[in-house]
Student: 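Here it is, the structure in full.
Predicted, not measured: the structure shown is a model, and the values here were computed from it. Computed from heavy atoms alone, side chains included, the values below leave out hydrogens, waters and symmetry copies.
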Amino acid sequence: QVQLVESGGGLVQNGDSLRLSCTASGRTFSDYAMGWFRQAPGKEREFVAAITWSGATTYYADSAEGRFTISRDNAKNTMYLEMNTLKPEDTAVYYCAAREGRFIVVARSEYDYWGQGTQVTVSS
């Protein structure tokens, strides 16, 4: 199995940028497709972005398209989420997730491993 630890969250202003990291340990990182999800207070956990095992293909939720960039460095066992032009509605706990297999999926139930989350708060 794989263990995931997110970092990089914090309190920022409307319009600022932030980069989240997700570091994996355990099995070979490149065996997994990866994703970012987020959960705001009182809401369900929702898909944000996903990336294939090689990083060649990415997919974004409409809310993230054009503002967020997902990437990974398999040599460092790390995935990133670069978030630009942040808005108050982006405030949530952000989770990284790993799925055994190499292809992108969107459904939360398809992911096998989860990190503990990192809080992102965007003030207006």
Student: Please check if atom OH in Y59 has more than 12 non-hydrogen atoms from other residues, nucleotides or ligands closer than 6.0 Å.
Tutor: no
Student: Say you draw a straight line from CD1 of I104 to OG1 of T58; how long is it, rounded to the nearest 0.5 Å?
Tutor: 6.0 Å
Student: Would S30 and N74 count as having a side-chain donor-acceptor pair, cut-off 3.5 Å?
Tutor: no
Student: Decide yes or no for Y80 and R19: does some side-chain heavy atom of the first lie under 4.5 Å from some side-chain heavy atom of the second?
Tutor: yes
Student: So does E46 pair up with R108, basic N to acidic O under 4.0 Å?
Tutor: no
Student: Would the distance check show the side chain of T121 and the main-chain N or O of L11 forming a donor-acceptor pair, the cut-off being under 3.5 Å?
Tutor: no
Student: Testing the basics here: between A40 and A92, what is the closest heavy-atom pair and its distance to 0.1 Å?
Tutor: N-CB, 3.8 Å
Student: Any side-chain donor paired with an acceptor under 3.5 Å for E65 and S63?
Tutor: no
Student: Does any non-hydrogen side-chain atom of W36 lie less than 4.5 Å from one of E6?
Tutor: yes
Student: Same hydrophobic cluster for M34 and V120, using side-chain heavy-atom links shorter than 4.5 Å among ILVMFWY?
Tutor: yes
Student: Apply ring pair (Phe, Tyr, Trp, His ring centres under 6.0 Å) to Y111 and list each qualifying residue two or more places apart in sequence or on a separate chain.
Tutor: F37
Student: Counting C-beta onward and ignoring hydrogens, is there a side-chain heavy-atom pair between P88 and N14 closer than 4.5 Å?
Tutor: yes
Student: Could you walk me through whether Y32 and R27 pass the side chain to side chain contact (heavy atoms under 4.5 Å, CB included) check?
Tutor: CA-CA 9 Å; Y32 298 89; R27 284 179 51 185; 3.4 Å; yes
Student: Does some side-chain heavy atom of D31 sit less than 4.5 Å from a side-chain heavy atom of E100?
Tutor: no
Student: Heavy atoms, side chains only, cut-off 4.5 Å: are I51 and M79 in contact?
Tutor: yes
Student: Just wondering, are more than 12 heavy atoms of other shown residues or ligands nearer than 6.0 Å to CD in E89?
Tutor: yes
Student: Over all heavy atoms of both residues, which pair between Y94 and M83 is shortest? Give the atoms and the distance, please.
Tutor: CE2-SD, 3.8 Å
Student: From R99 CZ over to D112 CG, what is the distance, rounded to the nearest 0.5 angstrom?
Tutor: 7.5 Å
Student: What are the two closest non-hydrogen atoms of T91 and V122, and how far apart are they?
Tutor: OG1-N, 2.9 Å
Student: Taking all non-hydrogen atoms of both residues, which atom of V105 and which atom of E110 are closest, and how far apart?
Tutor: CG2-CB, 3.6 Å
Student: Measure across L86 and S17 and return the closest heavy-atom pair with its distance rounded to 0.1 Å.
Tutor: CD1-C, 4.1 Å
Student: Is there a side chain to side chain contact (heavy atoms under 4.5 Å, CB included) between N77 and R72? Walk through the geometry before answering.
Tutor: CA-CA 8 Å; N77 292 345; R72 66 190 294 166; over 6 Å; no
Student: Cluster question for you: counting only ILVMFWY and a side-chain heavy-atom cut-off of under 4.5 Å, with indirect links fine, are L20 and F68 together?
Tutor: yes
Student: Given side chains that start at C-beta, do those of Y60 and T69 come closer than 4.5 Å, heavy atoms only?
Tutor: yes
Student: Which value, rounded to the nearest 0.5 Å, describes the distance between K76 atom NZ and S21 atom OG?
Tutor: 9.5 Å
Student: Shortest non-hydrogen contact from L4 to Y113?
Tutor: CD1-O, 3.6 Å
Student: Answer yes or no for R45 and W114: cation-pi contact, defined as NZ/CZ to six-membered ring centre under 6.0 Å and angle to ring axis within 45°.
Tutor: yes
Student: Does any N or O in the side chain of Q39 come within less than 3.5 Å of the main-chain N or O of V93, such that one atom is a donor and the other an acceptor?
Tutor: no
